[in-house]
Amino acid sequence: MAGAAIFDVDGTLTDTNHLHVVAWWEAFRQAGHTVPMPDIHRAVGLGSGDLIERLLGADRDPGQDEAISSAHTVLYGTYFDRIPAFRRAGDLLRTLAGRDWQVVLATSASGAELAALRRAVGADEVIRATASSDDVDRGKPSAEPVELACRLAGVTPERAVFVGDTVWDMEAATRAGVGAVALLSGGIPRADLERAGAEAVYRDVADLLDHLDDSPFGPGPG
């Protein structure tokens with residue numbers, strides 16, 4: 001077995017980061033907060049509680065958190081039937097599975113949202129397991145989701161590679177001791193991803209698939 005190929009979903013396999021930005025912006029607006037969209041974009045990838053605290057501050061009224069999070073869930077849910085996967089996302093997962101990599105998802109999504117994302121990617125037959133926000137106490141940038149993904153795949157961190165699109169993904173991978181591959185498809189600058197621990201950076205999943213043999217998923221130690 002080659003190892004574990006662990007994937008973030010939003011912004012990595014699916015083109016959804018900016019849908020999240022709009023949904024969060026409206027959820028904050030409904031609660032009486034004006035939050036700049038660029039700030040929201042940089043926070044996408046965090047769990048709901050961490051995202052709200054990062055954007056509103058620790059001195060906010062935490063009594064609003066549940067309503068804001070619920071509003072985001074409802075607003076984002078309006079996109080479920082038309083979530084776009086990135087071109088060749090499913091092909092990449094199937095190719096890795098064909099090379100004996102155990103494909104595992106590590107995502108802050110759960111429930112109906114996760115189901116919609118998986119439908120969009122269309123590669124359920126090769127996804128071995130999922131470490132979702134329901135399965136961990138702390139989301140990325142904590143190492144916990146990536147560590148759980150390794151356990152689900154039955155591999156040590158040294159035999160795993162994590163692919164994501166945010167600094168939170170790279171920090172989680174680094175803390176878990178797994179290889180960190182970044183994609184630019186989420187809209188985060190290359191320099192920020194590399195500073196957060198990315199060992200290799202690709203434009204998107206299609207670019208990674210085109211260069212798979214020269215990537216951390218290629219032949220040799222991995």
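All values below come from the heavy atoms of this structure, side chains included, with hydrogens, waters and symmetry mates left out. Just so it is clear, the model here is predicted, and its values are computed rather than measured.
- Note on Val104 and Val121: separate hydrophobic clusters, where clusters join Ile, Leu, Val, Met, Phe, Trp and Tyr whose side-chain heavy atoms are under 4.5 Å apart, directly or indirectly.
- Summarising the geometry, atom CG belonging to Asp124 is positioned 5.0 Å from atom CD1 belonging to Ile127; distances are rounded to the nearest 0.5 Å.
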Worksheet entry | Full working for side-chain contact (heavy atoms from CB on, under 4.5 Å) between Arg54 and Leu46 | CA-CA 9 Å; Arg54 179 177 178 84; Leu46 293 172; 3.7 Å; yes
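- No side-chain donor-acceptor contact under 3.5 Å links Thr78 to the backbone of Val74.
- When all heavy atoms are compared, the tightest approach of His41 to Gly186 is NE2-O, 2.7 Å.
- By the 4.5 Å heavy-atom criterion applied to side chains, Ile40 and Leu55 are counted as neighbours.
- For the pair Met170 and Gly197, the tightest heavy-atom approach, listed with the atom from each and the gap, is CB-N, 4.3 Å.
- Residue Ala43 comes nearest to Leu51 through the heavy atom pair O-CD1, 3.5 Å, listed as atom of the first residue, atom of the second, then distance.
- Under the side chain to side chain contact (heavy atoms under 4.5 Å, CB included) rule, Val163 has a single partner from Leu92, Ile6, Leu183, Asp169, which is Leu183.
- In terms of modelled atom types and a separation under 3.5 Å, the side chain of Asn17 and the main chain of Gly11 share a donor-acceptor contact.
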For a side-chain contact (heavy atoms from CB on, under 4.5 Å) check, start with the C-alpha distance between Ile83 and Glu113, then their side-chain angles and the critical distance, and finish with the verdict.
CA-CA 10 Å; Ile83 285 176; Glu113 178 184 345; 5.9 Å; no
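- With rounding to the nearest 0.5 angstrom, the SG atom of Cys150 is 8.5 Å from the CD atom of Glu158.
- By the rule that hydrophobic residues join a cluster once side-chain heavy atoms approach within less than 4.5 Å of another member, Val9 and Tyr202 end up as members of one cluster.
- Ring to ring, His20 and His72 are close: their centroids are under 6.0 angstrom apart.
- Taking a cutoff of 4.0 Å between a charged side-chain nitrogen and a carboxylate oxygen, Arg175 and Glu147 do not qualify as a salt bridge.
- Between Ala131 and Pro145 the shortest heavy-atom distance is CB-O, 3.7 Å.
- Residues Phe162 and Asp8 form a side-chain contact, since some pair of their non-hydrogen atoms from C-beta on lies under 4.5 Å apart.
- A donor-acceptor contact shorter than 3.5 Å links the side chain of Arg60 to the backbone of Gly57.
- Distance check: Asp61 CG to Asp65 CG gives 8.0 Å after rounding to the nearest 0.5 Å.
- By the criterion of side-chain heavy atoms lying less than 4.5 angstrom apart, applied directly or through intervening Ile, Leu, Val, Met, Phe, Trp or Tyr residues, Trp168 is grouped together with Leu56 in one hydrophobic cluster.
- Using a distance-only test at 3.5 Å, with no hydrogens or angles considered, a donor-acceptor pair links the side chain of Gln64 to the main chain of Ala31.
- Applying the salt bridge (Lys or Arg N to Asp or Glu O under 4.0 Å) rule to Asp213 yields the partners Arg99; only residues at least two apart in sequence or on another chain are considered.
- Looking only at distances, a side-chain donor or acceptor of His211 sits under 3.5 Å from a matching main-chain atom of Asp207.
- Inspection of the Thr12 and Asp165 side chains reveals an N or O donor paired with an N or O acceptor under 3.5 Å.
- In this structure a side-chain-to-backbone donor-acceptor pair under 3.5 Å is missing from Asp39 to Pro36.
- With respect to the salt-bridge test (charged N to carboxylate O, under 4.0 angstrom), the residues Lys140 and Asp50 do not qualify.
- Under a 3.5 Å cut-off, the side chain of Ser133 and the backbone N or O of Ser108 do form a donor-acceptor pair.
- The cluster map of Ile, Leu, Val, Met, Phe, Trp and Tyr, joined by side-chain heavy atoms under 4.5 Å apart, puts Phe86 and Tyr79 in the same cluster.
- By the 4.5 Å heavy-atom criterion applied to side chains, Ile68 and Trp24 are counted as neighbours.
- Minimum heavy-atom separation, Arg138 to Glu144: N-OE1, 3.1 Å.
- The shortest side-chain heavy-atom distance between Leu152 and Arg128 does not fall under the 4.5 Å cut-off.
- No donor-acceptor distance shorter than 3.5 angstrom exists from the side chain of Ser70 to the backbone of Ala67, with no hydrogens or angles considered.
- Note: the hydrophobic cluster containing Ile52 does not contain Leu75 (ILVMFWY, side chain heavy atoms under 4.5 Å, direct or indirect links).
- Put simply, the side chain of His18 never gets that close to the backbone of Gly187: no donor and acceptor are under 3.5 Å apart.
- Side-chain contact between Val181 and Glu199: absent, with no pair of heavy atoms (C-beta onward) separated by less than 4.5 Å.
- Remark: the backbone N or O of Ala109 is paired with a side-chain donor or acceptor of Thr107 at under 3.5 angstrom.
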Exercise for review: Check step by step if side-chain contact (heavy atoms from CB on, under 4.5 Å) holds for Ser215 and Leu208.
Suggested key: CA-CA 7 Å; Ser215 79; Leu208 174 56; 3.8 Å; yes
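- Side-chain contact between Thr174 and Glu171: absent, with no pair of heavy atoms (C-beta onward) separated by less than 4.5 Å.
- In plain terms, the two heavy atoms of Ala173 and Ala180 that are nearest each other are CB-CB, 3.8 Å.
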Q) Would Leu13 and Leu93 count as a side-chain contact (heavy atoms from CB on, under 4.5 Å) if you check the C-alpha gap in whole Å, the side-chain angles of each, and the deciding distance to 0.1 Å? A) CA-CA 9 Å; Leu13 299 175; Leu93 301 191; 4.1 Å; yes
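- With no hydrogens or angles considered, a side-chain donor-acceptor pair links Thr14 and Thr16 at under 3.5 Å.
- Other residues, nucleotides and ligands contribute more than 12 heavy atoms inside 6.0 Å of the CD atom of Gln30.
- The side-chain heavy atoms of Leu19 and Tyr76, taken from C-beta on, include a pair separated by under 4.5 Å.
- In this structure, a donor-acceptor pair under 3.5 Å is absent between the side chains of Thr166 and Arg42.
- In this structure the side chain of Pro189 reaches within 4.5 angstrom of the side chain of Asp192, judged on heavy atoms.
- Ion pair Asp210/Arg88 flagged as a salt bridge, since at least one NZ, NE, NH1 or NH2 atom sits closer than 4.0 Å to an Asp/Glu carboxylate oxygen.
- Using bins of under 30°, 30° to 60° and over 60° for the plane-to-plane angle, the ring pair Phe217/Phe7 lands in the parallel bin.
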